[in-house]
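Here's the structure we're looking at; comments come further down.
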There are 2 protein chains.
Amino acid sequence: MADVKSPANPLFLREEELRQGIEMLFFAYRDFTGEPDAMLARIGLGRAHHRVVYFVGRNPGITVSELLAILKITKQSLSRVLSHLVAEGYIVQRPGLSDRRKRMLELTAKGVELEQMLTDRQRKRFAAAYRAAGAEAVQGFRRVLRDIIDIDDRHRFPEVSALPPGPGKR
Amino acid sequence: MADVKSPANPLFLREEELRQGIEMLFFAYRDFTGEPDAMLARIGLGRAHHRVVYFVGRNPGITVSELLAILKITKQSLSRVLSHLVAEGYIVQRPGLSDRRKRMLELTAKGVELEQMLTDRQRKRFAAAYRAAGAEAVQGFRRVLRDIIDIDDRHRFPEVSALPPGPGKR
DNA sequence: TTTTTACGTCAGCCATGTTGACATTTCCCT
DNA sequence: AGGGAAATGTCAACATGGCTGACGTAAAAA
């Protein structure tokens with residue numbers, strides 16, 4: 001029963017490998033959110049606002065229910081954040097074209113500016129990591145991360161096709 | 001300046017690539033935490049408890065300040081969660097050996113059981129993703145994720161060395 | 001016309017983060 | 001030996017962002 005840390009024990013290696021993955025995801029997310037959080041705090045907003053601004057910016061015209069499906073929170077939780085962003089002029093709502101019950105959400109110029117400022121740090125973090133790791137590692141990264149996501153949301157990310165196994169840079 | 005990506009519109013592709021990375025990290029973390037959260041809710045605990053139980057289980061004898069350095073929350077926030085876990089018999093505290101001001105934290109049998117149950121789902125999620133993606137992709141995943149973590153915490157994760165292209169049955 | 005859908009809103013609860021102030025025990029240095 | 005610093009705990013108050021439940025309205029669909 002003793003969990004002997006034998007290097008010849010494949011089960012131990014596997015367990016260690018998985019635990020490290022779990023921890024890296026925790027640390028990465030912790031640091032990934034840290035910088036925007038600090039900026040948001042200065043203007044009286046929170047991480048939830050960033051998420052909304054991000055996904056509205058990324059999907060102009062997105063409806064409330066589509067946003068809910070992405071965030072996986074209740075409409076009441078979203079409402080608090082979203083109405084504040086509308087009131088502050090970061091987001092505008094317009095009735096849907098084919099279905100006027102829907103509210104199409106879009107960033108205002110002010111919203112775009114905010115989104116840019118917030119996401120900029122995260123983009124730079126990724127850019128540095130991608131550059132340091134190289135294209136092949138990035139492909140592996142995407143492949144694994146995609147498979148960690150629940151199956152019903154993987155469609156949001158195209159599968160990475162196999163690169164020709166070139167011997168390095170090209 | 002070695003951004004040899006696409007001859008067509010490298011800036012756009014790069015932006016898209018980075019945004020997808022950001023989003024995948026969001027979705028992965030959302031789903032990664034979802035299952036344990038549901039279990040925790042049933043026994044009156046929260047995600048914060050899971051984090052504490054996880055890192056104490058992973059680092060038996062860890063001190064409060066080491067835990068704080070990992071979680072990056074205030075001692076008051078930790079205190080609330082930790083004292084509850086101690087009161088409920090998931091964790092025991094013992095004075096440090098060389099420095100008796102420190103409190104060495106350890107899981108009880110009950111704590112181990114809880115940790116196993118919670119982390120089990122996450123481990124399985126990673127195991128499935130790792131298996132589906134293959135050893136090379138996992139290496140890239142680790143490489144990139146490690147570089148996303150703030151530099152002062154990267155030491156927690158060994159750099160991935162090139163694997164010998166063994167007769168892997170993955 | 002009736003029902004369903006998409007969205008909004010009010011009210012209250014809970015978990016978990018924050019700041020600030022202060023107490024205790026123990027270690028370390030002069 | 002004495003005094004400051006360190007590691008930890010604690011109390012109180014507050015903010016954020018989740019949640020449930022109940023109810024309302026406009027528009028689409030049946």
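All values below were derived from every heavy atom in this structure, side-chain atoms included, with hydrogens, water molecules and symmetry-related copies excluded. Numbered from 1 within each chain, the chains take letters A, B, ... in sequence-line order. Everything numeric here is computed off the predicted structure, so don't read it as measured data.
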Pair A:R123 + B:E16: basic N to acidic O under 4.0 Å:
no
Under 4.0 Å, heavy atoms only, any strand: does A:T74 hit a base, just the sugar-phosphate, or nothing?
base
Separation of atom CZ in B:R103 from atom P in C:dT24, rounded to whole Å:
14 Å
Under 3.5 Å donor-acceptor pair, A:Q76 side-chain atoms to D:dG17 base atoms
no
In whole angstroms, how far is the P atom of D:dG17 from the CG atom of B:D37?
17 Å
Given C:dC7, is OP1 or OP2 found less than 4.0 Å from the side-chain N or O atoms of A:S79?
no
Rounding to an integer number of Å, can you tell me how far B:L85 CG sits from C:dT16 C1'?
13 Å
I need the CZ-C1' distance between A:R47 and D:dA15, as an integer number of Å.
14 Å
Under 3.5 Å, which N/O atoms of the protein pair with N/O atoms of nucleotides 26-28 of chain D?
{"from": "D:dA28", "atom 1": "OP1", "to": "A:R100", "atom 2": "N", "distance (Å)": "3.3"}
{"from": "D:dA28", "atom 1": "O4'", "to": "A:R101", "atom 2": "NE", "distance (Å)": "3.4"}

Phosphate contact (D:dG9 OP1 or OP2) by B:Q93 side-chain N/O below 4.0 Å:
yes
Counting only heavy atoms not in A:Q93 (residues, nucleotides, ligands), do more than 12 fall under 6.0 Å from its CD?
yes
Between A:E23 and A:R19, does any NZ, NE, NH1 or NH2 come within less than 4.0 Å of an OD or OE carboxylate oxygen?
no
Within residues 48-55 of chain A: residues closer than 4.0 Å to DNA chain D (heavy atoms)
A:A48, A:H49, A:R51
Check the hydrophobic clustering (I, L, V, M, F, W, Y; side-chain heavy atoms under 4.5 Å; chains of links allowed) and say if A:V81 and A:I73 are grouped together.
yes
Tell me what B:R80 touches on the nucleic acid: a base, only sugar-phosphate, or nothing, going by heavy atoms under 4.0 Å.
base
Apply the side chain to side chain contact (heavy atoms under 4.5 Å, CB included) test between B:Q20 and each candidate in A:R156, A:R58, A:R146; give the one that qualifies.
A:R58
Where the side chain of A:I73 is concerned, which of D:dC19, D:dG9, C:dA6 is the nearest nucleotide?
D:dC19
Atom-to-atom span, CG of A:L45 to C1' of D:dG17 - whole angstrom:
13 Å
What about B:V64 and B:V92, same hydrophobic cluster or not, with Ile/Leu/Val/Met/Phe/Trp/Tyr joined at side-chain heavy-atom distances under 4.5 Å?
no
With no hydrogens and no angle check, is any side-chain donor or acceptor of B:T63 less than 3.5 Å from a backbone partner on B:M104?
no
With a 4.0 Å cutoff (strictly under), does any side-chain N or O of A:S77 reach OP1 or OP2 of D:dC19?
yes
Between C:dT16 (P) and B:L40 (CG): distance, integer Å:
8 Å
Measuring centre to centre across the rings, with the benzene-like ring taken for any Trp, is B:F157 within less than 6.0 Å of A:F27?
yes
Contact class for A:T63 (heavy atom, under 4.0 Å): base, sugar-phosphate, or nothing?
sugar-phosphate
In whole angstroms, how far is the P atom of C:dA6 from the CG atom of A:L67?
15 Å
Looking for any heavy atom pair under 4.0 Å, which part of the strands does A:K75 touch: base, sugar-phosphate only, or nothing?
base
How would you list, by chain and number, every residue that makes a ring pair (Phe, Tyr, Trp, His ring centres under 6.0 Å) with B:F26, sequence neighbours excluded?
A:F55
Whole-Å distance between C:dC14 P and B:I43 CD1?
18 Å
One thing to verify: whether A:D150 and B:R125 come together as a salt bridge, which I'm taking to mean a side-chain N less than 4.0 angstrom from a carboxylate O.
yes
